[in-house]
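Reckoned from all heavy atoms, side chains included, excluding hydrogens, waters and symmetry mates. Labels below follow one simple rule: chain letters A, B, ... track the order of the sequence lines, proteins then strands, and each chain is numbered from 1.
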Amino acid sequence: MGKVITSMKEDYAQWYNDLVIKGELADYSAVRGCMVIKPYGYALWENMRDALDKMFKDTGHVNAYFPLFVPKSLFEAEEANAEGFAKECAVVTHYRLKSDPDAKGKLIVDPEAKLEEELIVRPTSEAIIWNTYKGWIQSYRDLPILINQWSNVVRWEMRTRLFLRTAEFLWQEGHTAHASKPEAEAEAKLILDLYADFAENWMALPVIKGIKSANERFAGAEETYCIEAMMQDGKALQAGTTHFLGQNFAKAFDVKFSDRDNKLDYVWATSWGVSTRLIGALVMAHSDDDGLIMPPKIAPLQVVIVPVYKSDEQRSAVSEKANEIVRSLKALGISVKYDDNDNARPGWKFAEYEMKGVPVRIAIGARDIEKNVVEVARRDTKEKKAVSMDGLAVQIQNLLNEIQQNIYHKALQYREAHITKADNWEDFLNLLDDKGGFIAAHWDGSAETEENIKDISKATIRCIPLNNEKEEGRCIFTGNPSSQRVLFARAY
RNA sequence: CGGGAGGUAGUUCAGCCCGGUUAGAAUACGUGGUUUGGGACCACGGGGUCGCUGGUUCGAAUCCAGUCCUCCCGACCA
């Protein structure tokens, strides 16, 4: 007994919290809005990070690291961006504490140690990076600059949720500088494709690539692209964004370069990021009432082996076989744990590893050894079957691939079943309340209409899908002419 | 930041309204034994500054004030 998960149906929010806490991805901390990422959760992040990092490097990007603090004067240089983040910035005003003369053993902020200029804890790093790039760029020969950084950022959120919205989170932020507009635009789209590739092929998370409306656009960007995912409660979640920044930051930070004709021009820029929020997406897209379901390709642990025995002789016979299996799986690069902890019985272990979403469980006992088989159970379907020990490792490898595919297709099927067209306002509202998911509807393209729809329905335009089908219609809200449907949803 | 709920053993909670032995239960943990194919059982044992600070009182987990953290709803949020 012990860890029981609230069912998804009963209380979706509590179900999510239970998965994160009881699946040991993260823990609450003594700091408001900040969480501790536990080893199991961090291992997942490391796997995600490693896969993405390789993809970045394969497309010519390099890693660097920029400071956590941004002087206020730099931060405010690009006005739109600064304004967009102003309300959620942590600010460092002092650099020293001292003993409290009125309370022994307590510390107070030393009023003598006030900073001349406040430091902003980065909510994103465009400002410090573009201030730096200014010194690195003189000619087109210095371009492009294709830098990524893995870092933490702080956004002081009023209401937080584990992984989905926390005051501090981990992410990667790419910041590139280019000699031409088309090149920068191509970069923003290249990374968008890379993100979608990662989400779908590694996280088994189907996403829709699209463009954000002006209201949802990144402050300081000319165009924001995104990948949007669908959760099992019918709410959308932005899984990643890339921004074509135009020359906004170059102008704000005066970053110019000489082109081949020795003409001065401002540099073209992009930025892009995905964060630990993706872990929240992973949890909500795949898991069930028994716990997490990890896609094999990024699972912290792909296979667990649980021994079943009645005597010491059986135990050592089982262990011998199990260790053989461990070796054969490791030889194929599969991560595997042989859990021979004698304190927990098999049933307990089964439940525990299901909770943590380990894709494949192998149970092996005396009965199996006699028949030269093991019991293989897959987490995604809960199916169990006897599999011959001959060539087991390859079978497991295939099974892991199959699970990866199955999880993806299951999520895709859900997503496809939750894109619904609405052609009048009443249907639109009913669909949001009764079914959820993406609502494909006509919109007249105005920010005002978008605001009104949001105020009434709580749904936002998630994106205008790339390669969207053109279709004449009437705006769902105003009845004004529209040339295409956009995707609305309530979102995280 | 507004409304609501909560914080007592590692965990889940009871006790609080109506202040008064040594603060309980289940589960987890330790030891020994029996067990082991879906969250085992018996015996013994260890474990708590009752979130924190202050106040009222002879006496506070219990009453009062402040404060911190968490959850839910709302506002806010590229």
Please give, in whole Å, the distance from C77(B) P to Asp455(A) CG?
11 Å
Each nucleotide of nucleotides 46-53 of chain B classed B (base within 4.0 Å of a protein heavy atom), S (only sugar-phosphate) or -, in 5' to 3' order, makes --------
Lys87(A) NZ - A75(B) C1' separation (whole Å)
12 Å
Taking the P atom in each of A25(B) and G45(B), what is the distance between them to the nearest angstrom?
12 Å
Salt-bridge criterion met for Glu200(A) and Lys209(A) (N-O under 4.0 Å):
no
Picking from G39(B), G37(B), U36(B), which would you name as closest to the side chain of Asp342(A)?
U36(B)
Expressed in whole Å, how much space separates the C1' atoms belonging to G47(B) and U70(B)?
24 Å
Roughly how far apart, to the nearest Å, are C76(B) and G19(B) at atom C1'?
43 Å
How close or far is atom C1' of G74(B) from atom CD1 of Ile456(A), stated in whole angstroms?
18 Å
Look at Lys72(A) together with Glu76(A) and state whether they make a salt bridge at an N to O cut-off of under 4.0 Å.
yes
Residue pair Gly365(A)/Gln238(A) against RNA chain B: nearer the 5' end by closest nucleotide is Gly365(A)
Going by purine N1 to pyrimidine N3 plus the second Watson-Crick contact, or the G-U wobble pair, all under 3.5 Å, which nucleotide sits opposite G66(B)?
C52(B)
If we call it a pair only when both distances are under 3.5 Å in a Watson-Crick or G-U wobble match, what pairs with C16(B)?
none
Give one of base, sugar-phosphate or nothing for Glu375(A), where a contact means two heavy atoms less than 4.0 Å apart.
base
Look at the rings of Phe249(A) and Phe253(A) and say which category their plane angle falls in: under 30° parallel, 30 to 60° tilted, over 60° perpendicular.
parallel
Which of the following nucleotides, C1(B), C71(B), U35(B), is nearest to the side chain of Arg345(A)?
U35(B)
Any base atoms under 4.0 Å from Asp368(A), or only sugar-phosphate, or nothing? Heavy atoms, all strands.
base
Name the residue closer to the 5' end of RNA chain B, choosing between Arg217(A) and Gly33(A) according to the nucleotide with the nearest heavy atom.
Gly33(A)
Without swapping roles, check the side chain of Trp348(A) against the backbone of Ala351(A) for a donor-acceptor pair under 3.5 Å.
no
Centres of the Trp272(A) and Phe56(A) rings: under 6.0 Å?
yes
In whole Å, what is the span from the CD1 atom of Ile305(A) to the P atom of U36(B)?
22 Å
Evaluate whether atom NZ of Lys189(A) has more than 12 neighbouring non-hydrogen atoms of other residues, nucleotides or ligands under 6.0 angstrom away.
no
Going by purine N1 to pyrimidine N3 plus the second Watson-Crick contact, or the G-U wobble pair, all under 3.5 Å, which nucleotide sits opposite C44(B)?
G30(B)
Counting any heavy atom closer than 4.0 Å, what does Ala13(A) reach on the DNA or RNA strands: base, sugar-phosphate only, or nothing?
sugar-phosphate
What nucleotide, of C73(B), G38(B), C72(B), holds the atom closest to the side chain of Phe350(A)?
G38(B)
Regarding the side chain of Gln14(A), the nearest nucleotide among G39(B), G38(B), C71(B) is C71(B)
Ring centre gap for Phe488(A) and Phe428(A) strictly below 6.0 Å:
yes
Which whole number of Å gives the distance between the C1' atom of A26(B) and that of C72(B)?
27 Å
Presence of Tyr28(A) side-chain N/O under 4.0 Å of C71(B) phosphate oxygens OP1/OP2:
yes
Could you tell me the Watson-Crick or G-U partner of C77(B), where both distances fall under 3.5 Å? Say none if there is no partner.
none
Do Lys458(A) and G74(B) share a donor-acceptor pair, side chain to base, under 3.5 Å?
no
Let me see the working for Lys382(A) and Asp288(A) under salt bridge (charged side-chain N to carboxylate O under 4.0 Å, His left out), right down to the final yes or no.
CA-CA 11 Å; Lys382(A) 308 283 293 276; Asp288(A) 63 23; 5.7 Å; no
Closest approach to the side chain of Arg367(A), judged atom by atom: which nucleotide of G38(B), C72(B), G37(B) is it?
G37(B)
Have a look at Val306(A) and say if it touches a base, only the backbone sugar-phosphate, or nothing, with a 4.0 Å heavy-atom cut-off.
nothing
Under 4.0 Å between a side-chain N or O of Asn343(A) and OP1 or OP2 of U36(B)?
no
May I ask which nucleotide in the shown strands pairs with U22(B), Watson-Crick or G-U wobble, both distances under 3.5 Å?
none
Given the C1' atoms of G39(B) and U35(B), what is the spacing between them in whole Å?
15 Å
Any donor-acceptor N/O pair under 3.5 Å between C77(B) base and Arg165(A) side chain
yes
How many whole angstroms separate atom OH of Tyr12(A) from atom C1' of C72(B)?
16 Å
Could you let me know what A61(B) is paired to, Watson-Crick or G-U wobble, both distances under 3.5 Å, or none if it's on its own?
none
Do the charged groups of Arg378(A) and Asp380(A) touch, with an N to O distance under 4.0 Å?
yes
Watson-Crick or G-U counterpart of G37(B), or none if no pair lies under 3.5 Å:
none
Nearest-Å distance once atom P is located in both G4(B) and C44(B):
48 Å
In whole angstroms, how far is the C1' atom of C73(B) from the NZ atom of Lys235(A)?
11 Å
For the CZ atom of Arg462(A) and the CD1 atom of Ile208(A), what is their distance to the nearest 0.5 Å?
11.0 Å
Gap in Å between the two P atoms, one belonging to C29(B) and one to A60(B), rounded
36 Å
Donor-acceptor contact present, side-chain Gln302(A) to main-chain Leu400(A), <3.5 Å:
no
If the C1' atom of A40(B) is compared with that of U49(B), how far apart are they to the nearest Å?
37 Å
Applying a 4.0 Å non-hydrogen cut-off, can you work out what Ala366(A) is touching in the nucleic acid: base, sugar-phosphate, or nothing?
base
Have a look at Asn17(A) and say if it touches a base, only the backbone sugar-phosphate, or nothing, with a 4.0 Å heavy-atom cut-off.
sugar-phosphate
Residue Arg32(A), side-chain atoms from C-beta onward, closest of G37(B), G38(B), C69(B):
C69(B)
Whole-Å distance, Glu354(A) CD to G37(B) C1', equals 14 Å
What's the NZ-C1' distance between Lys371(A) and G37(B), to the nearest Å?
11 Å
